[in-house]
Structures are given as C-alpha cells and as structure tokens.
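In what follows, a structure is listed as structure tokens, so that the remarks can point back to it.
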Amino acid sequence: MATTAAQAYKNFIGGEWVDAASGETFESTSPANGDAIGVFPRSGAEDVDRAVAVAKEAFAEWRLVPAPKRGEILFRIARVLEGEKAALTDLMTHEMGKVKAEAGGDVQEAIDITYYMAGEGRRLFGQTTPSELRDKWNMSIRQPIGVVGAITPWNFPVAIPSWKLIPALICGNTVVLKPASDTPALAQRFVELLAEAGIPDGVVNLVHGGGGTVGDRLVRHPDVRVITLTGSRETGVEVLKAAADTLTHVHLELGGKNAIIVLDDADLELAVEGIVWSAFGTSGQRCTAASRVIVQRGAYAELQKRLVERVEKLRLGPGWEDDSDVGPVINQRSLEKIHSYTEIGNGEGAKLLTGGEVASEGDLGKGFFYRPTVFADVDPQMRIAQEEIFGPTTALIPVADLDEAIRVSNGIKYGLSSSIFTQDVNAAFRAMRDLEAGITYINAGTIGAEVHLPFGGTKDTGNGHREAGQAALDVFTEWKSIYVDYSGRLQRAQIDTEE
Ligand code: NAD
C-alpha cells in the first residue's frame, strides 16, 4: 500500500506543513478492514484564520501571474498526477474503499480537469462588443475573486478537490481546502503534488478537521469570497445560511435521487449493465447513483429476473483486490443508515428481491460491507424512492408508459442525473427535454460525466451553478465591463444619441 510520509499528516499553510494550533489530532482508518491510515490535525478556527490570511496575501501576487503561466504550472500538475496515478489509486482503495478501476477513474478525472483547465489559461475569453457611441471601445473581462474556501466530501476524494481547486487556480484565485475527515490522506497527497509541481507558497492551503469547526469558520470568514461545497443537501442549506451575513458567493453541489427509465423496447441486457454499474458502482455512494429504476410494465418481470441474477454475482471485497466488484461503504454510521432504509422499505411494503443485509462473512466482517440490495414494487412516494440513501440500494418502480415514467422520475426534490433506455428516438428526445435534471443519459446509466461538460443539478441538488467545463469559470471569476472612450469629449450613454 502507498503510504504518505509520517510528517505529511499536517496542515499546509503558506508552504509549510504544520500541526493544528491546539495540537489535537484525529485518525483516519480503512473502511475495508479498519487498518490505520494516519493521524491528522484536528484544526480549529485559529488554523483557518492563519490559512485565510496567508491565502489573502498570496492572492495579491497570484492574480497578477499571467493566466498562460498559471496554465503552465497546471500542465506540470497534470503530468505529476499522471506519474502518481497508480499510488493515488492504491491509497484510495485503502482510505476511501472504492475498487481499483473506479479509484483509477477518480484520479483520471483529476488529470483530465487539470489538462483541460491548463489550456484555459490561454483562453479565459471575455467579450468585445460595439459601443452605441462613436470613438468608444467596450469589452468585458473575467477577473479572479480572491480567497476560495473549498469544502469537499469523501466519495470522490481526489476528483472533487481537483474540480474545485484547479479551476479556481487557473482563474487566479487562492484556496483554502477543507477535505472530508474520512479521506484526509488523499487530500493531503493531492496538495503535496500541487506543491511539488510548483504552486507558489500560500496559493493552496490545506486545513484538516470537522465541518462544524473548520468548515463553519471558513464559511463565515469575512476574507473568504467564494465557498465551493460538495456535500449533502442539509449541509448545503446550513452553509448557505452561514454565508449570508458576509454575502459570500456560495457554489453548492448537493445530493441526488437519480432514476434510470427502462421502456419496453429497451435493449434489456444493456439496461441491466447500466443499472448494475450505476446503482452499485462505488457501493452506491455517488451523488449520481441510480437509486431508482423506473420500468415500463412490459419489461418489468424480465428485467427483475435478469437484474437479480446479475446482482447476486457481484463479489464484495476490499477495493485493492482485483476480483472485488463492490467495496465497503465509508463508515459504521453509513452502514447503519443504509440498513435502516432496508427496514424502512420492508415496513413500507416494498418487495425485497435481493440483499438487504450487512455482509460479514470472513474478512468482510472487519469492514463496512453491505450486500447489493434491490427492492421491487416500490411506490414512487415511499421513502426509499424519495430520500437519498447513499448506499448500494435501488428501487424498481413499475409504470405504464413514457409520460408516467417522466412524471415519476421528476417527482423528487433533487435534479442531478437521469437516464433512459429506449430504441425510440422520439421517446429519447422527449426525455432529453422533459427530465428535470442537470444531466441526462440516453442508453447509458446515470454516471459517467466527462470533465469538459457542465456538471451539476437542478432543484435541490444545488443553487444554480455548475462545476467543470466552461461553466466552472463562472463560479471562480467575476465579470468586469470596461468602457474606453477615445473621443476626447464627454459622451453620455443613453443621452447623447446621434442621428
Ligand atoms: P457532508 O455534507 O456530510 O459533508 C461534506 C463536507 O462538508 C465535509 O467536508 C464536511 O466536513 C463539511 N461540512 C459538514 N457540515 C458543515 C458545516 N456546517 N459547515 C461547513 N462545512 C460542513 O457530505 P458527505 O457525507 O461527505 O458526502 C455525501 C453527500 O455529498 C451526498 O449527499 C452526496 O449526494 C453529495 N455529493 C454531491 C455531489 C455533487 O456533485 N452533486 C458529488 C459528490 C457527493
């Protein structure tokens, strides 16, 4: 297993690795077998204040570094990440638990966004537009905003920090990162690599610790101008309220309750593959996980049969083992929450087709493994069809036709990802138009975002922003409009109109 040097388990402030001011620590352990990963600073407000002060100071210089030069550093970061991909992947299978292929994908996402944003250093386009007055020049430019506070979850422990830090940096902002307490070693390693690739001291800072302490201080700090948070809806609401007094910009990527629609004419083999990948990949711990499958009645019986056969073949095991299909869930609390939803589903009268229990045979008992779970005959209003479970549980909901399928898919508070399996091009286009979600897949599951398209959701999944692609630049820059009058006289817009 890859290990980070013992001295690396620290905060990173102004280019130095330092302990929490209080000297307190917390431990990170593997969800697969309880092995210790490392001991990390349990930071507090004082540590955040230091990091923000340093980031504010560094901003004065970093904003003036030409964007193409910032891009060159990002190209170096991308190459360093490529060189470290295998080690980061291995560490991720231990600290976060996802299986090898998916852990590699997580790191690849970071590499991809870094190359993409590095190129943005030579674009960051503004606009020029004619003036309504003679001898006058109009243009708009993007400007960096200042110190960005990035608060990240554990389920994409390298990809999500990269989706926040890399765009923030190319735009000329400086950053304080507060990673999830379940995956601090991966965040630490990521920041180490940024420093190694040449990010100047103070431009990227890392403060480990809890959401209610470090996260909350970051959100309320008057010198933090942007908060970018990926997490649960409940955290998003708290953060939005906490940021109100300082009018801090807030970018939220929150939960999902995503559905795959399967129509009668679908390629069922393909649909089953899509469902298994989307519902049980990352043990269902993806914001885009398919936790509902809406099936037209003609395909319902056959789909159930094929799905259960396929799901029961999935092998649970530690992420680092080659033949593991499904890894552990993140912690005991999560395991209990997932099981409580099995009890809720049973209580609501849904039919448990497979799974529904903690897997504890042999070495699985050392970790937090839950058997892939499929409920059938689920009513769209049941709690298991409405609430985010964030585990390997999916709910089959039978419907009569496309109209009902779209109504059911939309009948939740979230709006992140959506999908339809059909051979009917008309149905596919109606779904593209009518599904209330930030992402729609046709003949693919609910997961599989690529970094050059906007990522995010409608309704309660966020607050209108998007991550990745060009859209990310809108989170990390502000527009400035510039008017240059070279007429040599006072020209008044809207008033001095010419013939
Ligand atoms: P979480 O909301 O518990 O924590 C997310 C981060 O916020 C952590 O770093 C946490 O310490 C911090 N935090 C918690 N309370 C805070 C507060 N009051 N102030 C400031 N920071 C605080 O979420 P999680 O369990 O780490 O992740 C799972 C959730 O994230 C799920 O709901 C999932 O859908 C969502 N998610 C969304 C996306 C997306 O892009 N839409 C991607 C991945 C995960």
Side-chain angles (χ1 to χ4, degrees), residues 26 28 31 40 42-43 45 48 96 98 106 109 113 149-164 176-184 186-187 206-221 224 227-244 248 250-258 281-291 329-331 333-334 337-338 387-391 412-417 437-439 446-447 449 451 453-468 471-472 475:
F26 67 94
S28 167
F40 297 83
R42 187 185 294 281
S43 317
V48 175
M96 184 274 162
K98 60 177 79 172
D106 190 309
E109 231 171 78
I113 194 85
I151 304 177
T152 54
W154 46 265
N155 67 334
F156 279 84
V158 172
I160 291 181
S162 77
W163 281 34
K164 299 187 178 311
V176 178
L177 168 65
K178 194 228 74 80
S181 310
D182 283 307
T183 50
L186 286 156
L206 168 71
V207 182
H208 292 288
T213 48
V214 174
D216 186 66
R217 178 62 189 159
L218 204 49
V219 173
R220 292 177 195 274
H221 198 296
V224 173
I227 285 289
T228 171
L229 168 103
T230 297
S232 63
R233 181 188 182 282
E234 293 65 33
T235 302
V237 169
E238 267 182 50
V239 162
L240 201 52
K241 285 181 187 159
T248 305
V250 179
H251 160 231
L252 300 173
E253 296 290 343
L254 308 175
K257 188 69 189 174
N258 318 287
T282 325
S283 309
Q285 303 168 112
R286 289 186 181 227
C287 50
T288 51
S291 53
V329 300
I330 192 68
N331 53 34
R333 203 175 60 249
S334 185
K337 177 181 168 195
I338 292 161
E387 298 172 17
E388 188 180 44
I389 300 172
F390 225 58
I412 43 150
K413 63 184 170 200
Y414 297 109
L416 184 49
S417 188
I439 306 167
T446 49
I447 62 184
V451 302
L453 275 75
F455 182 90
T458 61
K459 304 198 283 191
D460 284 14
T461 292
N463 59 344
H465 298 287
R466 291 292 182 272
E467 206 142 47
V475 172

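In each ligand, atom 1 is the first atom listed, and ligand 1 is the first ligand listed. Keep in mind that the numbers below use all heavy atoms, side chains included, and drop hydrogens, waters and symmetry copies.
- For ligand 1, the atoms closer than 4.0 angstrom to any heavy atom of Gly215 are 19 (N), 20 (C), 21 (N).
- Separation of atoms CG (Asn155) and CE (Met96) is listed at 6.0 Å; rounding is to 0.5 Å.
- Contacts with ligand 1 closer than 4.0 Å are made by no heavy atom of Glu234, backbone or side chain.
- Near Val239, meaning under 4.0 Å from any of its heavy atoms, are these atoms of ligand 1: 19 (N), 20 (C).
- Here the protein heavy atom with the shortest distance to atom 9 (O) of ligand 1 is Thr152 O, 2.8 Å.
- In this structure, the side chains of Lys257 and Lys413 stay at 4.5 Å or more apart for every pair of heavy atoms.
- The nearest non-hydrogen atom to atom 15 (N) of ligand 1, considering only Leu177, Thr235, Thr183, Asn155, comes from Thr235.
- Using a 4.0 Å cut-off between heavy atoms, Phe455 contacts ligand 1 through its side chain alone, with no backbone atom that close.
- With respect to atom 24 (P) of ligand 1, the closest heavy atom belonging to the protein is Trp154 NE1, 3.5 Å.
- Atom CH2 of Trp154 sits about 9.0 Å away from atom OG1 of Thr183, to the nearest 0.5 Å.
- Distance from atom 28 (C) of ligand 1 to its nearest protein heavy atom, with residue and atom name: Phe390 CE2, 3.6 Å.
- Given atom 17 (C) of ligand 1, the protein heavy atom at minimum distance is Gly211 O, 3.5 Å.
- Less than 4.0 angstrom separates some heavy atom of Ile151 from each of these atoms of ligand 1: 6 (C), 7 (O), 9 (O), 12 (C), 20 (C), 21 (N).
- Between Leu252 and Leu240, the closest side-chain pair of non-hydrogen atoms falls below 4.5 Å.
- Protein heavy atom closest to atom 5 (C) of ligand 1, with residue, atom name and distance, is Thr230 O, 3.5 Å.
- Each of Asn463, Thr228, Thr230 was evaluated against His251; a single residue qualifies, Thr228, per the side-chain hydrogen bond (donor to acceptor under 3.5 Å, both in side chains) test.
- The closest protein non-hydrogen atom to atom 37 (C) of ligand 1 is Leu254 O, 3.0 Å.
- Annotation for ligand 1: atoms under 4.0 Å from non-hydrogen atoms of Leu229 are 7 (O).
- Considering CG of Leu218 and OG of Ser43, their distance stands at 11.0 Å, rounded to 0.5 Å.
- Of all atoms in ligand 1, numbered sequentially from 1 with element shown, those under 4.0 Å from a heavy atom of Ile160 are 42 (C), 43 (C).
- Each of the atoms 19 (N), 20 (C) of ligand 1 lies under 4.0 Å from some heavy atom of Asp216.
- Closest to atom 11 (O) of ligand 1, if we only count protein heavy atoms, is Lys178 NZ, 2.9 Å.
- Remark: ligand 1 atoms within the under-4.0 Å shell around heavy atoms of Ala180 are 9 (O).
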Inset, instruction - Apply salt bridge (charged side-chain N to carboxylate O under 4.0 Å, His left out) to Arg466 and Glu253, showing your working. - result: CA-CA 8 Å; Arg466 291 292 182 272; Glu253 296 290 343; 5.9 Å; no

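- Considering only heavy atoms from C-beta on, Val224 stays 4.5 Å or farther from Val219 through its side chain.
- Ion pair Arg233/Glu388 not flagged as a salt bridge, since none of the NZ, NE, NH1 or NH2 atoms sits closer than 4.0 Å to an Asp/Glu carboxylate oxygen.
- Nearest to atom 29 (C) of ligand 1 by heavy-atom distance, out of Pro153, Ala289, Gly231, is Gly231.
- Of the options Ser417, Ala449, Ala243, Cys287, the smallest heavy-atom separation from atom 38 (C) of ligand 1 is shown by Cys287.
- Taken to the nearest 0.5 Å, the CD1 atom of Ile439 stands 4.5 Å off from the CZ atom of Phe455.
- Considering both main-chain and side-chain atoms, Arg233 never comes within under 3.5 Å of ligand 1 through any nitrogen or oxygen pair.
- Considering CG of Asp460 and CG of Leu254, their distance stands at 8.0 Å, rounded to 0.5 Å.
- For atom 32 (O) of ligand 1, the closest non-hydrogen atom of the protein is Glu388 OE1, 2.6 Å.
- A distance of 6.0 Å or more separates the ring centres of Phe156 and Trp163.
- When Arg466, Glu238, Arg333 are checked for heavy-atom proximity to atom 18 (N) of ligand 1, Glu238 turns out nearest.
- Between the CG atom in Leu416 and the CD1 atom in Ile447 there is a gap of 11.5 Å [rounded to 0.5 Å].
- Scanning both residues, Gly284 and Ala289, for their nearest heavy atoms gives O-CB, 3.5 Å.
- The distance criterion of under 3.5 Å between nitrogen or oxygen atoms is not met by Thr461 with respect to ligand 1.
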